[in-house]
Amino acid sequence: MIDPFGRHITYLRVSVTDRCDFRCVYCMAEDMTFLPKAEVLSLEELERLCSAFIRRGVRKLRLTGGEPLVRKNVMSLIRGLGRHLDSGALDELTLTTNGSQLARYARELADVGVKRVNVSVDTLDKDKFRQITRWGDLDQVMRGLDAAQDAGLHVKINAVALRGVNDTEFEPLIRWSHGRGMDLVFIEVMPMGELGGDARLDQYLPLSMVRAGIAQHFTLTDSDYRTGGPARYFTVGETGGRLGFITPLTHNFCESCNRVRLTCTGTLYMCLGQEDAADLRAPLRASESDELLDKAITEAIARKPKGHDFIIDRRHTAPAVRRHMSVTGG
Ligand code: SAM
Ligand code: SF4
């Protein structure tokens with residue numbers, strides 16, 4: 001699949017549920033209304049959709065959410081998708097998780113062929129973790145991380161940089177993750193979904209500033225390491241570990257975008273930061289053959305926009321898109 005700007009679409013991110021056992025302050029409002037179950041695709045339908053994308057050239061698939069591991073029977077989907085790893089049609093099957101259920105699932109994930117997981121940890125302080133996630137328990141996540149590493153999964157930690165919340169913790173987060181052999185990626189907060197008031201402006205911390213601060217304590221060397229995602233990586237001289245930055249606001253990376261995103265209702269977003277979307281549920285359900293679905297996918301890819309228009313400043317406090325991050329997944 002090649003879009004109008006010549007970009008090869010080889011990476012599909014799938015939000016398998018919009019539900020979550022946490023309520024992170026930058027991701028969700030406290031009182032979220034979730035999708036009625038009737039609108040959500042069955043796991044079999046999701047597998048059929050993913051398989052159609054794999055047949056069309058997707059080589060990397062990431063499950064996300066909401067929290068992917070709170071979806072009932074999610075392992076049956078992951079096992080089904082694992083078959084594409086065995087056949088060689090898929091290079092990588094991975095997931096982004098808050099880690100709360102990893103202690104239970106890590107071994108099974110590794111058995112199916114998952115090699116890497118991204119786990120979101122914004123702070124190492126238990127009270128602050130509870131404040132950020134509203135409902136989360138850091139000890140539970142730590143047990144999940146232990147289980148993941150015991151099972152041989154390579155772990156990358158995602159941390160959203162939040163002004164006045166975790167901005168004194170970047171150095172400890174680097175030492176902790178690299179000390180455990182985990183990569184660390186800092187993410188700029190993105191204006192997705194209404195949080196109320198100026199919450200987003202209050203949270204936003206440009207990563208250019210974060211990087212300058214980190215460079216005062218550590219030696220950062222440019223690295224050509226890539227995972228197929230948007231992070232730009234550095235090697236930290238003092239720890240030997242890898243540190244990435246995802247900077248949708250301060251450095252737009254859309255020119256090399258290889259991704260599209262599917263929600264649990266079968267809606268395809270061709271860009272995380274735009275409203276335009278294609279409904280794949282109707283063609284999926286209209287026929288048992290994939291002909292209509294293939295046509296809808298082709299039409300959607302032909303509409304992939306050049307990029308997002310994220311801005312956060314005093315004049316732009318409204319979200320760039322109405323949906324919360326938990327709808328499309330990170
Ligand atoms: N529940 C899983 C988790 O937390 O890792 C997967 C879904 S979550 C939406 C995926 C990633 O998006 C997480 O690393 C989270 O920190 C990040 N995220 C959520 N809302 C965001 C926002 N408004 N701006 C930037 N990153 C965000
Ligand atoms: Fe849930 Fe992940 Fe959003 Fe936090 S960031 S509320 S864990 S979906």
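Computed over heavy atoms, backbone and side chain alike; hydrogens, waters and symmetry mates excluded. Just so you know, ligand 1 is whichever comes first in the structure, and atom 1 is the first atom listed for that ligand.
No side-chain donor from either of D183 and Y233 sits under 3.5 Å from a side-chain acceptor of the other. Side chains of T17 and E67: a donor-acceptor N/O pair is absent below 3.5 angstrom, by distance only. At a cut-off of 3.5 Å, with distance as the only test, a side-chain donor of T123 or E169 sits close to an acceptor on the other residue. Of the N and O atoms on the side chains of R261 and T64, not one donor lies less than 3.5 Å from an acceptor on the other residue. Counting only N and O atoms by type, the side chains of T247 and R232 include no donor and acceptor under 3.5 Å apart.
Distance check for C27 against atom 1 (Fe) of ligand 2: none of its N/O/S atoms falls below 2.8 Å.
Each of the atoms 8 (S) of ligand 2 lies under 4.0 Å from some heavy atom of G66. Residue V160 has at least one heavy-atom neighbour below 4.0 Å for each of these atoms of ligand 1: 16 (O), 26 (N). Listed by number with element, the atoms of ligand 1 under 4.0 Å from a non-hydrogen atom of G65 are 7 (C), 9 (C). Set against the non-hydrogen atoms of G66, the atoms of ligand 1 under 4.0 Å away are 1 (N), 2 (C), 6 (C), 7 (C). Interface atoms of ligand 1 facing T64, defined by a heavy-atom separation under 4.0 Å, are 6 (C), 7 (C). Which parts of ligand 1 touch S120 is read off a 4.0 Å heavy-atom cut-off, strictly below it: atoms 3 (C), 4 (O), 5 (O), 13 (C), 14 (O). Residue contact check: E67 has heavy atoms under 4.0 Å from atoms 1 (N), 2 (C) of ligand 1. Listed by number with element, the atoms of ligand 1 under 4.0 Å from a non-hydrogen atom of V189 are 24 (N), 25 (C).
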Worked check of side-chain contact (heavy atoms from CB on, under 4.5 Å) between L63 and L81: CA-CA 10 Å; L63 302 182; L81 294 172; 4.1 Å; yes
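Under 4.0 Å is where a charged nitrogen must lie from a carboxylate oxygen, and between E45 and R285 at least one such pair does.
Looking at heavy atoms from C-beta onward, R56 lies out of side-chain contact with I301 at the 4.5 angstrom threshold.
Residue-to-ligand polar distances place Y26 within reach of ligand 1: an N/O pair is separated by less than 3.5 Å.
Across L293 and L49, no two heavy atoms sit closer than the pair CD1-CD2, 3.5 Å.
Heavy atoms of T96 found under 4.0 angstrom from ligand 1 belong to the backbone as well as the side chain. Using a 4.0 Å cut-off between heavy atoms, T97 contacts ligand 1 through its backbone alone, with no side-chain atom that close.
At a 4.0 Å cut-off, at least one heavy atom of E188 sits close enough to ligand 1 to count as contact.
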